[in-house]
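Worksheet: one structure, shown below.
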Amino acid sequence: MVYRNAPQQHLSLYQFLLLAGRRIKPLQQVHAQIILSGKTSSLPLLTKLITSACAAEAIIYTRQLLFSIPNPDSFLFSSLIKTSTKHNYPVDSLIFYRHMLVCNAEWSNHAFTAVIKACANLSALGLGRIIHCHVIVSGYGVDLFVQAALVSFYSKCNELGVAQKVFDEMPQRTLVAWNSMISGYEQNGLADKAITLFYKMRDSGVEFDSVTLVSVLSACSQLGDLSLGCWIHEYIRSNLHVNTTIATSLINMYGRCGDVIKAREVFNSLNQQNVVTWTSMISTYGMNGYGKKAMEIFHLMKLHGPPPNSITFIAVLSACAHGGLVSEGQLAYTSMIQDYKLVPKMEHHVSMVDMLGRAGLLNKAYQHIQDMNHVKPGAAIWTAMLGACKMHKNVNLGVIAADNLLAIEPQHPGHYVLISNIYAMAGQMDRVEMIRNVMIRKGLKKQVGYATIEVDHKTYLFTMGDKSHPETVAIYRYLDELMERCREVGYTPASESVMHELEEEERVYALRYHSEKIALAFGLLKTGHGSIIRIVKNLRVCEDCHIAIKFISVVTKRKIVVRDKLRFHHFENGICSCLDYW
DNA sequence: ATAGGGTTAG
């Protein structure tokens with residue numbers, strides 16, 4: 001308690017600390033002053049010094065400082081753990097936690113929440129479990145802050161069951177706990193559970209905030225749930241201030257639900273755009289196949305917006321890949337490196353290979369892979385290459401891509417169909433057989449395709465050849481009739497896109513009753529003439545369905561929007577926004 | 001005098 005006797009002296013040292021801010025040299029000068037004036041036991045001073053050093057990201061100096069302090073107290077430890085977690089030094093956060101244990105300092109909910117968050121950032125499930133035990137033994141198991149941190153931690157470690165259990169056992173569920181649980185489901189791809197929980201939250205009378213809605217909007221994007229998304233937009237308009245975060249979520253939601261016009265409206269309504277809102281708008285256009293529009297926005301951004309970052313260029317290159325804008329994409333790629341000094345990462349290379357490959361420039365795509373400096377081509381690169389080889393029927397390069405893909409991810413079930421297709425094309429039936437055997441041996445099945453459609457605020461799900469719907473007979477009869485009308489105006493089934501091992505008869509059946517066709521027939525039967533049909537498909541839409549839907553848009557005179565695994569297809573008058581380029 | 005749990009783009 002020495003410092004109470006000489007407040008003047010300390011005040012000036014403290015002011016020096018404030019002046020030093022996060023600059024490391026001035027901080028070290030004040031440190032010297034502290035030593036010279038003999039105030040090395042003033043914990044408030046040392047706490048400010050050490051957290052400033054940590055915030056200045058001088059982590060080695062921070063560690064040295066801690067070990068030079070004779071009796072750090074609980075406050076110093078929890079501040080330090082908090083700051084190190086916040087500045088992305090989770091390992092140091094754990095080291096400080098251990099040091100806190102050794103020093104036998106008193107625990108606090110602040111120290112626990114921070115160290116749990118550090119474990120969450122590391123996805124360190126085992127360590128987090130141990131700390132959870134420590135929490136309970138220290139009597140902090142009942143603390144609402146610590147419980148919320150645990151919910152978030154278990155969610156980030158994909159342990160949603162445990163997260164839910166901690167959440168359920170909370171005597172009082174705080175807003176933050178609800179938000180953690182909802183975002184936990186959303187981040188783990190369980191969008192329907194996130195939405196169910198949101199309704200529960202609303203019904204239990206807990207006030208939600210913009211953080212809740214950001215997660216729920218993401219869940220809407222995943223499911224293509226445009227009606228809940230619109231409801232949230234209305235709610236925000238009348239109750240909340242639209243900040244850039246929530247605006248980004250709205251743009252993204254509309255974009256991923258295929259409503260480009262609404263996305264643009266939100267974008268235009270913003271007073272202040274940042275790099276994230278610009279990037280979202282570019283990627284919305286790109287994802288929906290409007291490559292030219294995406295480039296228009298990119299151009300506006302370069303004129304009036306902040307400098308594009310690495311993620312902006314992923315959006316730009318991907319828009320070029322999906323829009324067939326090869327020379328524009330190549331220019332953007334060069335500009336990224338030369339004008340913006342950004343180093344291309346794996347995702348940029350994937351988009352480049354995708355872009356060149358789709359355009360049929362297979363040798364250039366292969367050359368790009370070989371020219372990648374310091375980056376080892378990952379599975380995504382070879383998948384893009386393989387897809388392009390299949391599209392343009394280049395067997396030689398296709399086999400090279402397939403071999404590389406098999407070498408990198410031999411276990412991945414999603415690759416087998418594509419790989420065996422290319423070997424079949426190359427006439428290497430022994431390898432086709434081998435791949436098939438591997439699939440059977442490992443119990444790997446083709447991912448089950450399904451399509452969903454929303455009618456009267458209710459979502460219906462169909463799988464291939466689905467007969468579970470009570471009106472199945474009517475749906476199939478209508479679908480058959482529809483396909484007959486399409487045939488009359490020139491449609492012929494493209495059966496080669498079905499997996500080769502099916503018998504011919506099965507192929508035709510499989511094509512005719514693909515989930516997206518059933519969902520589409522159901523939607524056309526159930527909705528009025530002017531409305532847009534919106535379908536979400538979990539896999540990529542197949543070639544035959546793509547052709548068929550173009551014809552269906554003609555014979556029914558309807559607008560049809562299909563979101564597949566990668567992008568959107570807007571069908572109207574026999575034309576798709578992807579220009580058959582996907 | 002010392003810090004402050006959850007959320008944001010491909």
Side-chain angles (χ1 to χ4, degrees), chain A residues 3-4 7 10-15 17-18 42-52 54-55 72-86 108-117 120 143-153 155-156 167 174-184 186-187 208-218 221 243-253 255-256 274-284 286-287 294 308-319 321-322 345-348 350-351 354 380 566-567:
Chain A
Y3 59 90
R4 286 217 175 123
H10 284 129
L11 200 65
S12 65
L13 277 175
Y14 184 68
Q15 283 175 330
L17 272 178
L18 286 181
S42 166
L43 288 173
L45 270 181
L46 292 170
T47 305
K48 187 68 188 168
L49 174 64
I50 199 169
T51 53
S52 303
C54 185
D73 66 351
S74 170
F75 197 95
L76 187 144
F77 271 117
S78 45
S79 305
L80 179 58
I81 292 174
K82 200 148 245 179
T83 315
S84 50
T85 299
K86 188 177 164 194
S108 71
N109 54 358
H110 291 285
F112 277 127
T113 49
V115 78
I116 291 166
K117 191 174 154 72
D143 185 277
L144 292 175
F145 288 92
V146 176
Q147 287 169 332
L150 284 167
V151 169
S152 166
F153 160 73
S155 301
K156 286 198 176 129
F167 178 75
T174 58
L175 170 65
V176 175
W178 280 101
N179 287 351
S180 304
M181 198 65 240
I182 290 173
S183 96
E186 183 272 310
Q187 296 277 318
F208 49 83
D209 66 356
S210 59
V211 176
T212 324
L213 297 180
V214 165
S215 293
V216 181
L217 283 170
S218 282
S221 313
N243 60 29
T244 33
T245 306
I246 201 112
T248 306
S249 298
L250 282 169
I251 294 171
N252 200 30
M253 183 278 292
R256 290 167 88 162
N274 64 14
V275 65
V276 185
T277 53
W278 283 99
T279 303
S280 305
M281 201 58 234
I282 293 170
S283 104
T284 289
M287 204 184 333
N309 65 17
S310 182
I311 297 168
T312 312
F313 277 101
I314 295 173
V316 169
L317 294 177
S318 152
H322 287 285
K345 292 191 211 150
M346 188 65 76
E347 292 91 333
H348 302 99
V350 173
S351 286
D354 201 24
L566 280 183
R567 57 165 295 155

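Each chain gets a letter, A, B and so on, in the order its sequence line appears, and its residues count up from 1.
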Would you mind telling me which of [options] lies closest to the side-chain atoms of [X]?
X: Leu175(A); options: dG10(B), dA3(B), dG6(B); answer: dG6(B)
X: Ser152(A); options: dA3(B), dG6(B), dG4(B); answer: dG6(B)
X: Lys86(A); options: dG10(B), dG6(B), dG4(B); answer: dG4(B)
X: Pro44(A); options: dT7(B), dA3(B), dT2(B); answer: dT2(B)
X: Ala315(A); options: dA3(B), dG10(B), dT7(B); answer: dG10(B)
X: Thr51(A); options: dA3(B), dG4(B), dG10(B); answer: dA3(B)
X: Asn309(A); options: dA1(B), dT7(B), dA9(B); answer: dA9(B)
X: Thr47(A); options: dT2(B), dG4(B), dA9(B); answer: dT2(B)
X: Val275(A); options: dG4(B), dA9(B), dG10(B); answer: dA9(B)
X: Ser280(A); options: dT7(B), dG10(B), dA9(B); answer: dA9(B)

Nearest whole angstrom, please: distance from the [atom2] of [N] to the [atom1] of [X].
X: Asn252(A); N: dT7(B); atom1: CG; atom2: P; value: 17 Å
X: Leu213(A); N: dG6(B); atom1: CG; atom2: C1'; value: 14 Å
X: Phe77(A); N: dG4(B); atom1: CZ; atom2: P; value: 18 Å
X: Leu76(A); N: dA1(B); atom1: CG; atom2: C1'; value: 14 Å
X: Lys48(A); N: dA3(B); atom1: NZ; atom2: P; value: 4 Å
X: Trp178(A); N: dT7(B); atom1: CH2; atom2: C1'; value: 17 Å
X: His322(A); N: dG10(B); atom1: NE2; atom2: C1'; value: 10 Å
X: Asn109(A); N: dG6(B); atom1: CG; atom2: C1'; value: 15 Å

Query - Side-chain donor or acceptor of Ser152(A) paired with backbone N/O of Ala148(A) under 3.5 Å - result: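 Looks like no, no N/O pair under 3.5 Å.
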Query raised in the report: Side chain of Ser351(A), backbone of His348(A): donor and acceptor closer than 3.5 Å?
Result: no
Would you mind classifying the nucleic acid contact of [X] as base, sugar-phosphate or nothing, using non-hydrogen atoms under 4.0 angstrom?
X: Ser183(A); answer: sugar-phosphate
X: Ile246(A); answer: nothing
X: Asp73(A); answer: nothing
X: Ser283(A); answer: sugar-phosphate

Report summary line: Interatomic distance, CG@Leu43(A) vs OG@Ser74(A), rounded to 0.5 Å, equals 11.0 Å
Look at the side-chain N and O atoms of [X] and state whether any lies under 4.0 Å from the OP1 or OP2 oxygen of [N].
X: Thr245(A); N: dT7(B); result: no
X: Gln187(A); N: dT8(B); result: yes
X: Lys156(A); N: dT7(B); result: yes

Requested in this report: Provide the closest heavy-atom pair for Thr212(A) versus Ile182(A) in the form atom of the first, atom of the second, distance.
Outcome: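 Minimum heavy-atom separation between Thr212(A) and Ile182(A): CG2-CD1, 3.9 Å.
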Query raised in the report: Residues in side chain to side chain contact (heavy atoms under 4.5 Å, CB included) with Val275(A), at least two apart?
Result: Thr279(A), Met301(A), Pro306(A), Asn309(A), Thr312(A)
Query raised in the report: Tell me, which pairs form a side chain to side chain donor-acceptor pair (under 3.5 Å) where one or both residues lie in residues 76-85 of chain A, sequence neighbours left out?
Result: Lys82(A)-His110(A), Thr85(A)-Ser93(A)
